[in-house]
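Both ligands and their constituent atoms are indexed starting at 1 by order of listing. This structure is a prediction, so every number in the text was calculated from the model and none was measured.
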Amino acid sequence: MKIFKFGGASTNSFDRIQNLGYILQNHTDEKILIVISAMGKMTNSLEKVVEEFYEGKNEEALRLFQKVKDYHLNQLKYLVTFQWQKATNQLTDFFTEVEWLLHDKPVKDYDYYYDQIVCSGELLSSTLISYYLNENRIPNKWIDVRDVLRTDDTFRQAKVDWDVSRKQAREKLMPLFDNTNFVITQGFIGSTDENESTTLGREGSDFTAAIFAELMNAESVTIWKDVNGVMNADPKDFQEAVTIDELSYKEVIEMAYYGAQVIHPKTIKPLQNKDIPLFVRSFFDLRLTGTVITQKSAMLLPPMIVYKRRQVLLMLQSVDFSFVEGKPTTFLYEVLRKLNIRPNLTQNTAISLIICMDDADQKIQEVSQEVSEIFDVSVQKNLTLLTVRHYSDAIIEQLSANKEIILQQKTKDTIQLLMNLS
Ligand SMILES: Nc1ncnc2c1ncn2[C@@H]1O[C@H](COP(=O)(O)OP(=O)(O)O)[C@@H](O)[C@H]1O
Ligand SMILES: N[C@@H](CC(=O)OP(=O)(O)O)C(=O)O
């Protein structure tokens, strides 16, 4: 059994869905669980629906959701002919689940509604694709992942219940392979024991693929991408980026931790547990072998470059000039943990603590408020954090030339530069 994952970029047009079919046609004699994300940037569109709804603007939320409906119904017209009515009915069931909520007033937490609404992106895309493939002689079965992947109720960051999910995978998912080689399901979403939808965190479909690989002892996972494999930098940032043939789990965890967007940071652990190889391959060019990620450490790696934009620097200076070491530092970390903030860089001096984090106005205000008795807080926005692993002096010189460096941190393997590019 193998796992294939197709993200938003590989399902955002008729041509790309057709291409997904060509890829599967090369694997018709293998058992494959296919994990699908929402089409293109649909999750962002659904997030806007949630925002309007939670602000009490039901009409606007419904108007935005109508656009989501129109988009999928329009795709359906191109993708499905014979089973069009049946597919429309199934999409309509998902639309109704969301609209039913959107007519109400919010009485629960934002994150709860987020998950109930945003999960529809994956349900809709996987349904469309399943019908399309069945109609094009690529027989498959569709399953609602919420019947298999059990999570707790930490909405938007749900934690997997491995035991229940393993049992449900064995009882509900595995038997589907008795009658077909391809089973299609959704990435990113799960369900609580009360049948409430949950999500695993943005970009979480890679993680879903890895979870199922672990649960079902898969032979491998392949993530199909719009790039040739994992490169030493995002090719959108760095024209000279090169594809890396082989990487270790450890290297990928480090890259993802520093913000490389190519693979979700949680993906590696389940694979590492069972030594399952992860392939990252181009869905444009099937001749390319892409990148294989395993336990084995790669020998010589080029500098691995990661840019993290929209960073903010918080400078916290102790109000009475007392040393920050000890209690004040512990206190700050408690506040960050409580607010679910992971600093991307930290430093301290005798009387100040410095943290660099993703920009989010709400969170900045909350931190400032929580620590106001101990620290004066100043904020600098619009910064970019550059991380280079396996750096050389030459590459650092090239990447930092003529840039204002606000902060620098260096270990033997990794250098981080917080820069003001404006
Ligand atoms: N180190 C890297 N190697 C390859 N691609 C990268 C890297 N860092 C960032 N990317 C970006 O990741 C994108 C693919 O990821 P993503 O858009 O999340 O795909 P999907 O939504 O289909 O999963 C590429 O288009 C590329 O710009
Ligand atoms: N659709 C979700 C989950 C996901 O992983 O998407 P993608 O595979 O396109 O990154 C998101 O955008 O966050």
Side-chain angles (χ1 to χ4, degrees), residues 3-13 16-17 19-20 23 34-48 50 68 114-115 117-126 129 145 149 156-158 185-190 197-211 221-245 247 251-267 278-284 288 290-291 293 301-309 386-390:
I3 316 278
F4 280 7
K5 181 255 171 175
F6 294 92
S10 31
T11 56
N12 67 358
S13 66
R16 292 193 176 188
I17 293 175
N19 189 49
L20 186 158
I23 293 176
I34 300 152
V35 174
I36 304 277
S37 301
M39 289 169 161
K41 302 282 175 208
M42 191 52 64
T43 304
N44 295 355
S45 307
L46 288 162
E47 282 185 340
K48 297 213 171 74
V50 186
V68 171
Y114 181 101
D115 282 3
I117 295 168
V118 164
C119 71
S120 60
E122 270 66 16
L123 293 163
L124 295 167
S125 62
S126 59
I129 289 167
V145 76
L149 198 68
R156 292 184 77 176
Q157 282 297 336
T185 197
Q186 306 79 42
F188 177 53
I189 67 181
S197 302
T198 53
T199 64
L200 307 176
R202 281 304 304 263
E203 330 259 301
S205 297
D206 294 349
F207 183 36
T208 305
I211 294 167
V221 174
T222 305
I223 297 182
W224 297 89
K225 288 264 174 196
D226 62 352
V227 279
N228 293 347
V230 179
M231 308 177 88
N232 72 318
D234 187 339
K236 290 183 186 117
D237 289 330
F238 201 67
Q239 274 184 350
E240 306 99 277
V242 290
T243 307
I244 319 272
D245 298 336
L247 279 170
E251 188 62 36
V252 175
I253 288 178
E254 292 287 350
M255 284 175 75
Y257 173 83
Y258 288 117
Q261 299 251 292
V262 67
I263 292 170
H264 189 279
K266 290 185 184 162
T267 310
L278 170 62
F279 296 92
V280 180
R281 291 191 58 187
S282 160
F283 62 73
F284 291 129
L288 300 177
T291 304
I293 300 157
L301 287 174
M304 307 293 276
I305 301 164
V306 181
Y307 283 98
K308 225 170 174 345
R309 300 199 165 72
L386 165 67
T387 304
V388 186
R389 287 181 50 76
H390 318 296

Query - Nearest heavy-atom neighbours spanning Asn232 and Ala241 - result: OD1-CA, 3.3 Å

Requested in this report: Measure from atom 17 (O) of ligand 1 to the protein's non-hydrogen atoms and state whether any distance is below 4.0 Å.
Outcome: no

Report task. Among all protein heavy atoms, pick out the one at the shortest distance from atom 21 (O) of ligand 1; state its residue, atom name and that distance to 0.1 Å. Result -> Gly8 N, 3.4 Å

Query - Side chains of Val230 and Val252 in contact at under 4.5 Å (non-hydrogen atoms) - result: no

**Report entry** Proximal ligand 1 atoms for Lys236, defined as those under 4.0 Å from one of its heavy atoms
**Finding:** 24 (C), 25 (O), 26 (C), 27 (O)

Requested in this report: Could you go through the side-chain contact (heavy atoms from CB on, under 4.5 Å) check for Arg389 and Tyr258 one step at a time?
Outcome: CA-CA 10 Å; Arg389 287 181 50 76; Tyr258 288 117; 4.2 Å; yes

Query raised in the report: With only distance considered, is Asp206 within less than 3.5 Å of ligand 1 through an N or O on each side?
Result: no

Report task. Only counting residues at least two apart or in another chain, list the ones meeting side-chain hydrogen bond (donor to acceptor under 3.5 Å, both in side chains) with Thr199. Result -> Asp115

Query - Residue list, side-chain hydrogen bond (donor to acceptor under 3.5 Å, both in side chains) with Asn44, at least two apart or on another chain - result: Arg202

Query raised in the report: Is there at least one pair of N or O atoms, one from Asp226 and one from ligand 1, spaced under 3.5 Å apart?
Result: yes

Query - ligand 1 N/O within reach of Lys225 N/O, cut-off under 3.5 Å - result: yes

Query raised in the report: When you measure from the side chain of Ser37 to the backbone N and O of Gly187, does any donor-acceptor pair fall under 3.5 Å?
Result: no

Report summary line: For atom 3 (N) of ligand 1, the closest protein heavy atom turns out to be Met231 N, 2.9 Å

Query raised in the report: Heavy-atom contacts under 4.0 Å between Asp234 and ligand 1: side chain, backbone, both, or neither?
Result: both

Query - Protein contact to atom 12 (O) of ligand 1 [nearest heavy atom, distance to 0.1 Å] - result: Val262 CA, 4.2 Å

**Report entry** Minimum side-chain heavy-atom gap Phe283-Leu20 below 4.5 Å
**Finding:** no

Requested in this report: Work out whether the distance between some heavy atom of Lys5 and some atom of ligand 1 is less than 4.0 Å.
Outcome: yes

Query raised in the report: Taking the minimum heavy-atom distance to atom 4 (C) of ligand 1, which of Ala241, Gly229, Ala9 ranks first?
Result: Gly229

Query raised in the report: Any idea which residues sit under 4.0 Å from ligand 2, heavy-atom distances?
Result: Lys5, Gly7, Gly8, Ser37, Ala38, Thr43, Glu122, Phe188, Arg202, Glu203, Gly204, Ser205

Report summary line: Between Phe6 and Ile23 the two heavy atoms that sit nearest each other are CE2-CD1, 3.9 Å

Query raised in the report: Is there side-chain contact between Met304 and Ile244, with heavy atoms separated by less than 4.5 Å?
Result: yes

Report task. Not counting sequence neighbours, which residues clear salt bridge (charged side-chain N to carboxylate O under 4.0 Å, His left out) with Asp206? List them please. Result -> Lys5

Query - Side-chain heavy-atom pair Thr11, Met39 within 4.5 angstrom cut-off - result: yes

Report task. For the residue pair Phe4 and Trp224, categorise the inter-ring angle as parallel (less than 30°), tilted (30 to 60°) or perpendicular (more than 60°). Result -> perpendicular

Query raised in the report: Has Ala233 got any heavy atom lying under 4.0 angstrom from an atom of ligand 1?
Result: yes

